[in-house]
Number of protein chains: 2
Amino acid sequence: MEHLDHGPESLTDRKRRLVRQRIVEAADELFAANGFDNVSVADIAAHAEVGRTTFFRYFGDKVEVVFAHEEDILSRITRFAESEAVGPATTAAEAVAQLRPLVIAVCDQASLDIKGYALHYELIEQHVELRARDALKAQRIADELARILIGRGTAGHKAVFAGQIALACYWTARRRATSPARLSAETAAAFDQLTNL
Amino acid sequence: MEHLDHGPESLTDRKRRLVRQRIVEAADELFAANGFDNVSVADIAAHAEVGRTTFFRYFGDKVEVVFAHEEDILSRITRFAESEAVGPATTAAEAVAQLRPLVIAVCDQASLDIKGYALHYELIEQHVELRARDALKAQRIADELARILIGRGTAGHKAVFAGQIALACYWTARRRATSPARLSAETAAAFDQLTNL
């Protein structure tokens with residue numbers, strides 16, 4: 001997996017990352033073998049050889065494990081965006097333009113592993129609880145995008161609007177893309193369409 | 001509560017509506033008294049004096065009951081929109097313009113009962129599962145709006161985009177509105193901002 005940030009990783013960070021990865025891999029194996037509904041947090045913890053307490057240090061609940069990869073992507077993009085020297089957006093159009101490359105970067109990263117992406121959404125489609133959490137995660141992306149703009153000095157009301165519009169482009173692409181490989185291109189197309197409104 | 005459609009109600013429809021209402025009221029009472037987490041479907045069914053089977057004829061799960069009022073609003077607005085003689089939207093801008101009054105009508109209806117609206121979101125904020133379902137319901141609104149446009153002959157790719165943009169205006173308003181009474185005005189303001197993109 002590509003890293004957008006190449007800073008050195010501390011020993012503690014590395015240890016945390018590996019434990020987290022072990023939990024995710026254990027969960028993926030169990031979900032695939034027994035079905036999402038038949039796997040408990042205790043099962044995942046046991047399979048990953050960690051305690052329940054450790055599990056909950058990394059994930060709020062069983063559902064969160066399913067979105068671990070997306071969370072990684074989002075936090076990488078957020079860190080990248082915060083490291084850029086970009087000033088405040090003075091108009092809504094400028095705010096949306098600042099978000100465009102970030103949303104496309106999220107799409108690029110999310111669809112990098114085409115098979116993993118397909119499996120992820122196959123699992124999600126089968127469970128209303130996962131579809132719901134997926135929708136909530138998307139709202140979290142919009143909020144993060146708004147937060148990035150506000151961090152650059154953009155007015156809150158413009159930032160919130162731009163975050164939601166950027167998310168709308170992402171959802172449009174999710175609905176239109178006939179394959180994961182098309183996700184980024186469809187997102188770009190949706191951003192292009194905004195100028196016609 | 002206002003009804004957008006004034007057609008006569010059949011006896012069966014009336015009976016169904018009253019049973020549904022009894023389940024919702026029983027659930028609201030139990031959630032308020034014991035907390036959402038401590039109430040089961042069996043509790044709700046017993047309190048509403050219906051069987052579990054009847055409960056599941058009306059609602060997929062306990063979470064769905066929380067969104068019964070929103071579902072009612074959405075299906076009323078949808079029926080209203082489908083009864084209007086409106087042609088296909090030929091541009092994305094026209095598609096969004098067709099959706100604008102529908103989204104504002106949803107906001108008007110949802111914020112009619114200001115106290116109920118506040119209680120609804122207070123409950124939702126306390127539970128990640130409810131926040132997630134709320135986000136999923138919002139996506140359902142976007143899909144319904146796209147479906148209405150497609151029903152009028154609008155091209156699918158335009159309809160999907162317009163539905164998501166309309167939803168972005170709704171979410172922007174949800175984030176910006178300082179009180180339920182401001183929801184519709186903030187939604188209109190967000191739609192106004194689209195022309196500056």
Side-chain angles (χ1 to χ4, degrees), chain A residues 60-61 63-64 67 90-97 99-100 124 127-143 145-146 155-178 186-187 189-197, chain B residues 60-61 63-64 67 90-97 99-100 124 127-143 145-146 155-178 186-187 189-197:
Chain A
D61 56 24
V63 175
E64 283 299 305
F67 298 95
T90 50
T91 64
E94 201 186 327
V96 172
L99 296 183
R100 180 187 171 126
I124 285 178
H127 301 268
V128 66
E129 201 187 342
L130 295 181
R131 287 203 308 277
R133 195 68 67 97
D134 180 47
L136 185 63
K137 291 281 169 192
Q139 270 304 313
R140 208 170 95 63
I141 296 178
D143 290 338
L145 294 173
H157 69 283
K158 277 196 193 82
V160 166
F161 177 67
Q164 293 295 337
I165 292 296
L167 183 67
C169 293
Y170 166 76
W171 273 117
T172 300
R174 280 265 302 264
R175 296 278 192 270
R176 284 180 182 171
T178 46
E186 290 287 0
T187 302
F191 272 98
D192 285 342
Q193 271 194 289
L194 292 174
T195 48
N196 302 324
L197 292 181
Chain B
D61 57 23
V63 175
E64 283 298 305
F67 298 95
T90 50
T91 64
E94 201 185 327
V96 172
L99 297 183
R100 180 185 170 129
I124 285 177
H127 300 268
V128 65
E129 200 187 343
L130 295 181
R131 287 204 307 277
R133 196 67 67 99
D134 180 47
L136 185 63
K137 290 282 169 192
Q139 270 304 313
R140 209 170 94 62
I141 295 179
D143 290 337
L145 293 173
H157 69 283
K158 277 197 193 79
V160 166
F161 177 67
Q164 293 295 337
I165 292 296
L167 183 67
C169 293
Y170 166 76
W171 273 116
T172 300
R174 280 266 302 265
R175 295 279 192 270
R176 284 180 181 170
T178 46
E186 291 287 359
T187 302
F191 273 98
D192 284 342
Q193 273 194 288
L194 293 173
T195 48
N196 302 323
L197 292 180

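Counting heavy-atom pairs under 4.5 Å between each of A:V128, A:N196, A:L167, A:D134 and chain B puts A:V128 at the top. Note: B:H157 leads B:K158, B:H157, B:R131 in heavy-atom pairs under 4.5 Å with chain A.
At least one side-chain heavy atom of A:F161 sits less than 4.5 Å from a side-chain heavy atom of B:L194.
Summarising the geometry, atom CG belonging to A:L197 is positioned 12.5 Å from atom CD belonging to B:E94; distances are rounded to the nearest 0.5 Å.
Residue contact with chain A, scored on non-hydrogen atoms closer than 4.5 Å, involves the side chain of B:V96 exclusively. Both the backbone and the side chain of A:R133 have a heavy atom closer than 4.5 Å to some heavy atom of chain B. Residue A:D143 touches chain B through its side chain alone, counting heavy-atom pairs closer than 4.5 Å.
Heavy-atom minimum distance, B:A92 versus A:Q193: CB-NE2, 4.0 Å. Between B:Q164 and A:A168, the shortest heavy-atom distance links the atoms O-CB, 3.4 Å.
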